[in-house]
Protein chains: 2
Amino acid sequence: MPKGITREKVVEAALELLDDKGIEGVTVRALAERLDVRAPALYWHLRNKQELLDEMSTTVLRRIADELPPPGSDWREDLAAYARVLRAEYLRHRDGARTFSGARVSDPELVVRVKEPLYQSWTKAGLTLQEADDALDVVVAFVVGFVIEEQERLQSADADPTRYSLAERDAGLGEHAPLTKDAGHLRDSSEERFERHLGIVLDGLAARHVRRDPPPRPRRTR
Amino acid sequence: MPKGITREKVVEAALELLDDKGIEGVTVRALAERLDVRAPALYWHLRNKQELLDEMSTTVLRRIADELPPPGSDWREDLAAYARVLRAEYLRHRDGARTFSGARVSDPELVVRVKEPLYQSWTKAGLTLQEADDALDVVVAFVVGFVIEEQERLQSADADPTRYSLAERDAGLGEHAPLTKDAGHLRDSSEERFERHLGIVLDGLAARHVRRDPPPRPRRTR
DNA sequence: ACCTGAACACCGTTCAAGT
DNA sequence: ACCTGAACACCGTTCAAGT
């Protein structure tokens with residue numbers, strides 16, 4: 001491996017380390033070893049560990065921005081696409097949701113690159129800017145919460161397969177919790193639940209919009 | 001201070017330490033000092049630090065369960081109450097949302113205590129068990145995501161008041177982002193946004209329910 | 001049963017010194 | 001400009017030994 005360490009390569013290596021060892025394993029020393037330098041070398045390229053974490057989050061957000069399709073004719077579809085891309089990128093990395101959510105994004109331009117076209121398109125389609133802003137925030141909050149829970153479940157199932165097994169769960173639950181028990185059994189796959197729950201959130205946005213603010217009928221010029 | 005350290009007192013002290021110093025400050029050594037013992041003493045009462053964190057989460061969830069009003073006649077109100085209590089308890093502790101969300105709850109009986117009465121009440125009111133389960137999950141996901149973002153913003157504003165100031169933000173944003181800029185200005189208080197966004201989510205649940213499964217008209221016996 | 005002292009293998013970070 | 005060696009003030013955890 002050639003030795004020219006750059007800021008970008010450090011961040012990239014940190015993301016690989018995250019996938020291999022989880023967030024607890026992302027230490028300055030382990031990262032240095034992976035890059036074949038001594039730990040203090042990293043401080044030439046980054047101010048401190050927090051800056052490293054911020055850069056990791058920014059890199060992931062940049063990928064999200066790149067994968068996002070351009071806005072179409074339906075704000076509902078734009079939001080669904082955003083939600084799916086966000087979830088996919090979080091799931092792609094071990095501890096992704098916890099690590100990247102609520103992160104400080106070092107590049108404000110990036111936020112604009114994601115938001116501005118959506119706001120543009122949606123306000124043109126009849127949403128108020130408030131509605132557009134709310135829509136994005138509600139969907140992001142939902143996705144973050146969903147994936148944190150989902151990933152915790154997935155990862156503990158990996159570590160300890162009995163932990164989320166239905167049989168274990170039922171045994172621990174006792175007799176006076178029939179509905180909680182039944183609810184556990186009707187849980188479908190993560191994928192289906194995500195799509196259904198996302199649909200619920202989008203329905204809520206649609207309900208508000210339709211109730212408050214029917215879009216103006218297009219006028220024909222003749 | 002009397003010296004009888006118990007598991008409960010350790011967890012309580014850990015929550016105080018969390019509020020004082022944040023999650024980074026919750027170390028075994030600092031906790032021991034606060035309890036006036038040496039660090040290894042804590043390992044008599046807890047298997048390891050993870051167990052401490054699990055117990056902290058469980059304690060908070062127990063408080064949530066205690067504060068929850070009994071289910072009423074309107075599932076929408078039950079959910080709103082749950083969402084508000086959850087948010088309030090997370091906000092009550094520094095780094096609360098990140099620390100307690102997606103946590104391993106050591107006491108399964110506690111989950112039942114929260115869920116079973118709600119499932120009972122809602123299915124009696126005409127929801128399917130699937131709808132009831134989805135409703136709880138969607139609302140919890142939304143609250144977790146909302147408060148993670150909210151708390152990150154609140155706490156960085158405390159640490160560095162320029163960070164989220166509108167003037168700073170506008171300056172960094174450039175000319176080609178008018179809508180993103182305007183959206184920043186129409187942001188109202190956390191409280192209002194939370195209530196409005198919660199309303200959106202609840203509308204979504206109502207929309208699904210009404211569309212799929214109108215509740216049976218009550219029949220009068222005479 | 002409950003706690004301490006000493007130790008182990010780690011952390012993030014600084015800084016003078018090297019090239 | 002970029003990196004190292006040595007050091008500092010920390011971590012979580014174990015374990016023999018004390019009471």
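Computed from heavy atoms alone, side chains included, the values below leave out hydrogens, waters and symmetry copies. Fair warning: this is a prediction, and the values are worked out from it, not measured in the lab. Chain letters run A, B, ... following the sequence lines, proteins first, then strands; residues in each count from 1.
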Subject >> Side-chain-base donor-acceptor pair under 3.5 Å for B:Arg29 and D:dG12 >> reply: yes
Original post:
Between the main-chain N or O of B:Leu179 and the side-chain N or O of A:Glu116, is there a donor-acceptor pair closer than 3.5 Å?
Top reply: yes
N/O donor to acceptor pairs below 3.5 angstrom from side-chain atoms of residues 96-103 of chain A, sequence neighbours left out:
from     : atom 1 : to       : atom 2 : distance (Å)
A:Arg98  : NH1    : B:Ser101 : O      : 3.1
A:Arg98  : NH2    : B:Arg98  : O      : 2.3
A:Thr99  : OG1    : A:Asp95  : O      : 2.6
A:Ser101 : OG     : A:Ala97  : O      : 2.8

Original post:
Once you round it to whole Å, what is the distance between C1' of C:dA9 and CD of A:Glu24?
Top reply: 16 Å
Original post:
Are any non-hydrogen side-chain atoms of B:Tyr164 and B:Arg169 less than 4.5 angstrom apart?
Top reply: no
Subject >> Any residue of residues 40-58 of chain B with a heavy atom less than 4.0 Å from an atom of DNA chain C >> reply: B:Pro40, B:Ala41, B:Trp44, B:His45
Original post:
Rounded to the Å, how far apart are B:Leu31 CG and D:dG12 P?
Top reply: 9 Å
Original post:
Checking B:Arg87 against B:Phe146: charged group under 6.0 Å from the ring centre and within 45 degrees of the axis?
Top reply: no
Original post:
Just how far, in rounded Å, is P of D:dC10 from CD of B:Glu33?
Top reply: 10 Å
Subject >> Pair pattern of DNA chain C in dot-bracket, where unpaired bases get dots and | marks partners in another strand, Watson-Crick or G-U under 3.5 angstrom >> reply: ||.|||||...|||||.||
Subject >> CA sep, side-chain torsions, deciding dist, call: A:Arg196, B:Gln130, side-chain hydrogen bond (donor to acceptor under 3.5 Å, both in side chains) >> reply: CA-CA 11 Å; A:Arg196 193 171 62 248; B:Gln130 166 97 262; 2.9 Å; yes
Original post:
Any donor-acceptor pair under 3.5 Å linking the side chain of B:Arg7 with the backbone of B:His45?
Top reply: yes
Original post:
To the nearest Å, how far apart are A:Arg38 CZ and C:dG18 C1'?
Top reply: 15 Å
Original post:
Do the non-hydrogen side-chain atoms of A:Glu67 and A:Glu89 ever get within less than 4.5 Å of each other?
Top reply: yes
Original post:
More than 12 non-hydrogen atoms from neighbouring residues, nucleotides or ligands closer than 6.0 Å to CD on A:Gln50, yes or no?
Top reply: yes
Subject >> Rounded interatomic separation in angstrom, taking CZ from A:Arg7 and C1' from D:dA1 >> reply: 16 Å
